[in-house]
Amino acid sequence: MKLLLIGIQGAGKSTQGNLLSKELNLPYLSSGHIFREMTKEKTKIGRMLKETLNSGALVPDDLTLQIVLAYLKKPEYKDGFILDGFPRTEPQAEAFNGEIDKVAYIKVSDKEALWRISGRNDFREDETLQAIRKRIGLFHTVTEPVVDYYRQQGKLFEVDGEQSVEQVFHDIVKAIKE
Ligand code: AMP
């Protein structure tokens, strides 16, 4: 099973991704996590990524594709994975075509997402209010076409992300097994 999780920041993708990883015995991979690790590198690309992530902008498609596709070639992802944060633009989805079995779109309102993120205790450098607003705005303009792309392929199902963690998890598992 190659499962993609889509939703705005604060929708609960990483929480669900980790739960699903245990339930389905599949590795969980987050493109945001890969990039955050790379921002620690004292290289030109590390510095560039740090600036990009802290601003809330997206990493350019060519670089994203190069990095994430190289990750997915590793043997541990051969039999399936749970992917969070990629593809996030139409060019990324097209370049990655055919690789996904199902897409869970975890829906929460912008207001609920902002409320959740502002209540988190684990502060992250790229989680300033300005960067979060930018990321949510980019979701609507740049990632919603990806939602439509997978919907048209009949791979997408929607889950109400404003329910309890357990209920969201239950709904995703049920939709996968249908
Ligand atoms: P996330 O943890 O998914 O919110 O990702 C954190 C940041 O990593 C984003 O704000 C982007 O700067 C970058 N990023 C993650 N995934 C992608 C992607 N598929 N395309 C472009 N940038 C990405």
Side-chain angles (χ1 to χ4, degrees), residues 2-21 27-41 43-74 77 81-100 103-110 112-150 155-156 159 161 168:
K2 293 176 177 173
L3 175 69
L4 177 62
L5 302 177
I6 292 194
I8 56 176
Q9 189 179 7
K13 296 185 300 303
S14 68
T15 303
Q16 296 298 332
N18 282 298
L19 289 171
L20 289 161
S21 171
Y28 165 69
L29 185 66
S30 145
S31 53
H33 179 75
I34 298 174
F35 289 135
R36 271 190 293 282
E37 286 302 306
M38 291 181 75
T39 62
K40 295 175 189 159
E41 293 168 11
T43 57
K44 203 171 154 198
I45 187 161
R47 281 191 293 275
M48 184 278 251
L49 287 172
K50 186 170 180 176
E51 216 173 282
T52 306
L53 266 70
N54 286 355
S55 77
L58 291 177
V59 177
D61 284 334
D62 51 353
L63 185 60
T64 299
L65 281 162
Q66 194 187 318
I67 293 169
V68 180
L69 295 184
Y71 249 87
L72 288 170
K73 284 214 180 80
K74 292 186 183 180
Y77 302 111
F81 47 75
I82 296 157
L83 192 52
D84 163 4
F86 172 90
R88 212 164 169 129
T89 67
E90 264 187 307
Q92 290 178 17
E94 277 158 14
F96 189 53
N97 76 35
E99 283 280 12
I100 293 288
V103 180
Y105 177 22
I106 308 177
K107 282 185 96 166
V108 304
S109 68
D110 294 2
E112 171 70 16
L114 281 164
W115 177 249
R116 287 183 184 179
I117 299 163
S118 62
R120 280 180 187 166
N121 294 320
D122 49 338
F123 173 78
R124 257 177 31 204
E125 199 182 341
D126 66 336
E127 288 191 333
T128 58
L129 191 57
Q130 200 186 3
I132 295 162
R133 284 223 166 97
K134 176 149 189 165
R135 242 174 249 127
I136 291 178
L138 282 169
F139 181 87
H140 294 305
T141 53
V142 179
T143 308
E144 272 173 9
V146 177
V147 169
D148 293 334
Y149 177 87
Y150 287 117
K155 293 180 175 171
L156 187 110
V159 177
V168 175

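The first residue in the sequence is number 1, and the count goes up from there. We count ligands from 1, going down the list as the structure has it; atoms in each ligand are counted the same way.
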Inset, instruction - Before signing off on this row, confirm whether Arg88 and ligand 1 have an N or O atom pair separated by under 3.5 Å. - result: yes
Inset, instruction - Determine, step by step, whether Phe86 and Leu65 satisfy the side chain to side chain contact (heavy atoms under 4.5 Å, CB included) criterion, reporting the C-alpha distance in whole Å, the side-chain angles of both residues, the deciding distance to 0.1 Å, and the verdict. - result: CA-CA 9 Å; Phe86 172 90; Leu65 281 162; 3.8 Å; yes
Inset, instruction - May I ask you to list the atoms of ligand 1 that are less than 4.0 angstrom from any heavy atom of Gln92? - result: 18 (C), 19 (N), 20 (N), 21 (C)
Legend entry - Proximal atoms of ligand 1 relative to Thr64 (non-hydrogen, under 4.0 Å): 18 (C), 19 (N), 20 (N), 21 (C)
Legend entry - Ala57: numbered ligand 1 atoms lying under 4.0 Å from its heavy atoms: 10 (O), 11 (C), 12 (O)
Legend entry - ligand 1 to Gly56 polar contact by distance, N or O atoms, under 3.5 Å: no
Inset, instruction - Please write down residue, atom name and distance for the protein heavy atom closest to atom 5 (O) of ligand 1. - result: Gly32 CA, 3.3 Å
Inset, instruction - For Phe96 and Leu4, run side chain to side chain contact (heavy atoms under 4.5 Å, CB included): C-alpha distance rounded to whole Å, both residues' side-chain angles, the deciding distance at 0.1 Å, then the answer. - result: CA-CA 12 Å; Phe96 189 53; Leu4 177 62; over 6 Å; no
Inset, instruction - Please find out if less than 6.0 Å separates the ring center of Tyr150 from that of Tyr105. - result: no
Inset, instruction - May I ask you to check if Lys73 and Tyr77 form a cation-pi contact, with NZ or CZ under 6.0 angstrom from the six-membered ring centre and within 45° of the axis? - result: no
Legend entry - Top protein contact for atom 7 (C) of ligand 1, by heavy-atom distance: Leu53 CG, 3.7 Å
Inset, instruction - Would you please determine whether Arg135 falls within less than 4.0 Å of ligand 1 on a heavy-atom basis? - result: yes
Inset, instruction - Measure the shortest side-chain to side-chain distance between Thr64 and Leu58 over non-hydrogen atoms and say whether it is less than 4.5 angstrom. - result: no
Legend entry - Heavy-atom donor-acceptor pair, Lys13 side chain to Gly7 backbone, under 3.5 Å: yes
Legend entry - Minimum-distance protein heavy atom relative to atom 22 (N) of ligand 1: Val59 N, 3.0 Å
Inset, instruction - For atom 16 (N) of ligand 1, state which one of Ser14, Ala93, Gly7, Ser31 supplies the nearest heavy atom. - result: Ser31
Inset, instruction - Could you tell me whether Ser30 and ligand 1 have an N or O pair separated by under 3.5 Å? - result: no
Legend entry - Element-labelled atoms of ligand 1 that are located less than 4.0 Å from some non-hydrogen atom of Arg36: 2 (O), 6 (C)
Legend entry - From Thr39, Asn54, Thr52, residue fulfilling side chain to side chain contact (heavy atoms under 4.5 Å, CB included) relative to Asp126: Asn54
Inset, instruction - Evaluate the side chain to side chain contact (heavy atoms under 4.5 Å, CB included) criterion for residues Gln16 and Val159: first the C-alpha distance (whole Å), next the side-chain angles of each, then the deciding distance (0.1 Å), finally the verdict. - result: CA-CA 11 Å; Gln16 296 298 332; Val159 177; over 6 Å; no
Legend entry - Working for salt bridge (Lys or Arg N to Asp or Glu O under 4.0 Å), residues Glu51 and Arg47: CA-CA 6 Å; Glu51 216 173 282; Arg47 281 191 293 275; over 6 Å; no
Legend entry - atom 13 (C) of ligand 1: the protein heavy-atom neighbour that sits closest, reported with distance to 0.1 Å: Phe35 CD1, 3.7 Å
Inset, instruction - Output the list of atoms in ligand 1 that are nearer than 4.0 Å to some heavy atom of Phe86, sorted by atom number. - result: 19 (N)
Legend entry - Side chain to side chain, Phe81 and Leu29, heavy atoms closer than 4.5 Å: no
Inset, instruction - Return a yes/no value for Leu58: is any of its N or O atoms, backbone included, closer than 3.5 angstrom to an N or O of ligand 1? - result: no
Inset, instruction - Number the atoms of ligand 1 from 1 as they appear, then name those within less than 4.0 Å of a heavy atom of Gly85, with their elements. - result: 16 (N), 17 (C), 18 (C), 19 (N)
